[in-house]
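Heavy atoms only: backbone and side chains are in, while hydrogens, waters and symmetry mates are out.
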Amino acid sequence: MNSEVKNTRNTRKFIVSPSPHFKAPFSVRKVMFVVTIALLPALGGAIYFFGLRSLWLVLIAVATAIGAEFLMNLAFKRPLDSCLDGSAIITGMLLAYNLPPTAPLWMAAVGSAFAIIIVKAMFGGLGHNFMNPALAGRAFLMASWPGKMTSGWILREGLGTTSGINVDAFSGATPLGVVQKIKGIGDVAVAEALNSPETLKALFFGRVGGVLGETSVLLLLIPAVILIVMRVIDWRIPAAYIGTVFLGALLAWVFKGTPVTPWFHLMSGGLMLGALFMATDYSTTPVTPAGQWIFGIGCGILTILIRLWGGYPEGVSYSILLMNVATPLIDKYTRPKILGQRKKRKERK
Amino acid sequence: MITFRGGIHPPEFKHLAENKAIEVMPPPRQVVIPCSQHIGAPAKPVVAVGDEVKVGTLLAEATGMISAPVHSSVAGKVKAIEPWPHPVLPTPVKSIIIEAAGKDELDCAIKPRSEAEIARLSAGKIREIVRDAGIVGLGGAAFPTSVKITPPRGVKIDTLIINGAECEPFLTADDRLMREKPEGIIQGAKILAKVLGLDTAYIAIEHNKPEAIKVMTEAAAKVWPQAEILTIKTKYPQGAEKQLISAILKRDVPRGGLPFMVGVVVQNTGTAYAACEAVTQRKPLYERVVTVTGPAINVPKNLLVRIGTLSTDVAEHCGGLKPNATKFISGGPMMGIAQSTLDVPVIKGTSGMLFLNDKKSLFKIAEEVNCLRCGKCVGVCPMGLVPCEIARMGEYEKLEQAERWGILDCIECGSCAFVCPSGRRLVQWIKYGKTLVFAERSRKKEKK
Ligand code: SF4
Ligand code: SF4
């Protein structure tokens, strides 16, 4: 190109690259690392509430996820080291967090492998999957081994009962399981026990039965708030999701559609884990701000519908999966207005 | 505080040069003055090899409506007229090479106008002066100023904004100019306002320049009390025309349109100062303030540099490069253009010379992985675009879709790529897509 140029004096060459020449030090690896750290308190909680077995479940799920990602990278000729970018670790952790504490260890491996191989890698890997891999893995396990996935709720000895209340009929049930059972009966005494401050306290701190990662509101909320403040995850989806569930539960409570208070609904089941860590998954949620609101509100409505009228006691994971599927459509119809396309604004004086 | 929607807060790095007073760089022994330093038709040389020129002598004249003349920045002899590497254009550009000799003498046409003379100048005459002085937008875009202050027939301009935002990190040239020549800038604003038939102007300064705000406010009170100094929020890209207008006036320039369509003219502070000098001193644009900065230059400075000075000479004057310099950017880090060599000259649009190393991850070229669909780029885009999507459409040449999604509205500010955790080359793919869209358009036009 410069053949016709004479008399130039310099031989020193610099790197030429397109602008910008400035990049926020915020990479995929960092995001994933920070989210992994944020998930650790819940793991600590799981070990404390359910015993050391929780740790093995998580480790097996994570190891399987990394291994599966590695193999799929080999198969699809993708960069091999991306199995360590942290996204597989998070998928493994979240998958394990969705297992009952008594789930056989092989289920952690099977679910995790399904999540990575079928849900993530087959659709193009990082960023291309349209469903949350961990939730899809859980749904797969639910469909294949429903018995193992919906029973075996335990607590470490001396921590109380899994339902959070001392009623023998409900030993070995989760708090929402109890709600589901008394829905038809309308047992006032049990409802009162469920709404007692002790039960709410147990829910908040996590001393109730449930899947590994979901039981302690506290251990999920604090790290999630930190992530939001750090702007790693967006606040819109959790706010819309939790807000909608609260409103729905409030309406239901006022109109006697549910035996428990909205607070109970917020703190029980997988709502916090789902709203804070799974409905905020980047790849499977809308990119537009308006879309994020719609996504959160949609998840909230579905969750409430399933909890109040569905056949399952809990609906968080199916709600999120359904909204995942709707995400491309939501994104398409919630494009922000381009500057100059907005309608006339009120002018400054 | 006054601001626009979206945007980012990159680290500023202004401390490197903001407290360095503007230093006059002595004329170099050779300058290379490209005939094309502006948007529009290149200027046509009116000198021949061997001609003697002085500082400010016309070297090449404007050709056509959108064009600007260029002037000599040294006194000496025209040594050659030949292609030379250019900091903005991709291929070498016809340039006039002048060897400095003898005394650094001004052209005899350069002499001050008296107050009375200035007062008598008509709007048309001032436009002519600005055009003949070769003044172009000094913020970087280099659009001929005389064209900008000549609104099309029937268009009423009701607002003049002098842009002192200087939102690019590292750059401090406008800041220094405002602190050191506030009266000239305000005088220039007054002159430009007069041309547009206005008796007031906004002067917008980001709130990270408190000293400039103070000095300018004082100067305005003295020179032209009708000028209103506005403090605007420090946020990138606050200084982009459409964002500035949206922030200050809450008017949106229509898609694909220009500021005059909403009755606004925006001029950079440096441009206003140049206009003042052209009118009051009869001085053509042959020098400008350039911020020479970055972690890889030994002594960061704000320099008054003659147009055509080679980057080598400027770097030398600033103590030379550090051995670890990896990148040389003409302009700021967000929108500046990476140069492969120090051979390129300083031109009218050169607001800064930035030397980077790869010590900090901020300056490193990020590893690119798949888009995570995190939506961060959408949140920061000041134009309200969905960068991840339009970049993908550009990359895969889905041109019609890209156009519908507003690829041509992108101002290439780089905010999206700055925040992208995946290190996606968003701006690169958007530019690529734009180029294809334009190529397609001109192909269609030819067919018709
Ligand atoms: S910021 Fe990057 S990773 Fe996130 S959506 Fe935009 S392009 Fe994708
Ligand atoms: S899409 Fe264009 S206008 Fe929007 S942030 Fe990216 S570079 Fe800036």
Candidate pair A:Y241 and A:L271, rule side-chain contact (heavy atoms from CB on, under 4.5 Å), full reasoning: CA-CA 9 Å; A:Y241 193 168; A:L271 180 64; 3.5 Å; yes

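- Ring planes of A:F14 and B:F328: perpendicular class, angle over 60° (limits at 30 and 60°).
- With a 4.5 Å cut-off on non-hydrogen atoms, B:V253 touches chain A through its backbone but not through its side chain.
- With a 4.5 angstrom heavy-atom cutoff, A:V31 touches chain B only via side-chain atoms.
- Salt-bridge annotation for B:E82 and B:K94: absent, with no side-chain N of the basic residue lying under 4.0 Å from a carboxylate O of the acidic one.
- With sequence neighbours left out, the side chain to side chain donor-acceptor pair (under 3.5 Å) criterion links B:S415 to no other residue.
- Looking at B:D158 and B:R251, a side-chain N of the basic residue comes within less than 4.0 Å of a carboxylate O on the acidic one, giving a salt bridge.
- Per-residue counts of heavy-atom pairs under 4.5 Å with chain B were compared for A:P289, A:S17, A:P286; the largest is that of A:S17.
- When heavy atoms are compared at a cutoff of 4.5 Å, B:V419 approaches chain A solely by way of its backbone atoms N, CA, C and O.
- Ranked by heavy-atom pairs under 4.5 Å with chain A, the list B:V378, B:D358, B:V386, B:L354 is led by B:V378.
- For B:M335, the part lying under 4.5 angstrom from a heavy atom of chain A is the backbone only.
- The aromatic rings of A:F22 and B:F418 sit tilted, their planes meeting at an angle between 30° and 60°.
- Both the backbone and the side chain of B:L372 come within less than 4.5 Å of a heavy atom in chain A.
- The part of B:A366 that comes within reach of chain A is its side chain, from C-beta onward, which places non-hydrogen atoms under 4.5 angstrom from that chain.
- Of the two parts of A:S82, neither the backbone nor the side chain holds a non-hydrogen atom closer than 4.5 Å to a non-hydrogen atom of chain B.
- Between chain A and the residues B:K364, B:K376, B:K360, the most heavy-atom pairs under 4.5 angstrom are made by B:K376.
- Using a 4.5 Å cut-off between heavy atoms, A:P79 makes no contact with chain B at all.
- Of the listed residues (B:C388, B:S95, B:G336, B:G423), the one with the most heavy-atom contacts under 4.5 Å to chain A is B:G336.
- Looking at B:I329, only its side chain comes within 4.5 Å of chain A, counting heavy atoms on both sides.
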side-chain contact (heavy atoms from CB on, under 4.5 Å) between A:L74 and A:L80, intermediate numbers included: CA-CA 7 Å; A:L74 264 185; A:L80 292 181; 3.9 Å; yes

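- Using a 4.5 Å cut-off between heavy atoms, B:I365 touches chain A through its side chain atoms alone.
- Interface residue B:C371: only backbone heavy atoms are found under 4.5 Å from chain A.
- Within the 4.5 angstrom heavy-atom criterion, only side-chain atoms of A:P18, from C-beta onward, approach chain B.
- There is no side-chain donor-acceptor pair under 3.5 Å between A:T64 and A:S112.
- Proximity to chain A is limited to the side chain of B:P169, based on heavy atoms less than 4.5 angstrom apart.
- With a threshold of 4.5 angstrom between heavy atoms, B:I337 approaches chain A through N, CA, C or O but not through any side-chain atom.
- Counted by atom type alone, A:S283 and A:K120 present zero donor-acceptor pairs between their side chains at under 3.5 Å.
- Ionic pairing of B:E412 and B:K434 is present here: one or more N-O contacts between side-chain nitrogen and carboxylate oxygen are shorter than 4.0 angstrom.
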Derivation of the salt bridge (Lys or Arg N to Asp or Glu O under 4.0 Å) call for B:R392 and B:E389: CA-CA 5 Å; B:R392 194 180 47 79; B:E389 291 295 331; 2.5 Å; yes

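- Proximity to chain A is limited to the side chain of B:F170, based on heavy atoms less than 4.5 angstrom apart.
- Contact check on B:R5 versus B:D252 returns no salt bridge, with no Lys/Arg side-chain nitrogen under 4.0 Å from an Asp/Glu carboxylate oxygen.
- Proximity to chain A is absent for every atom of B:Y236, based on heavy atoms less than 4.5 angstrom apart.
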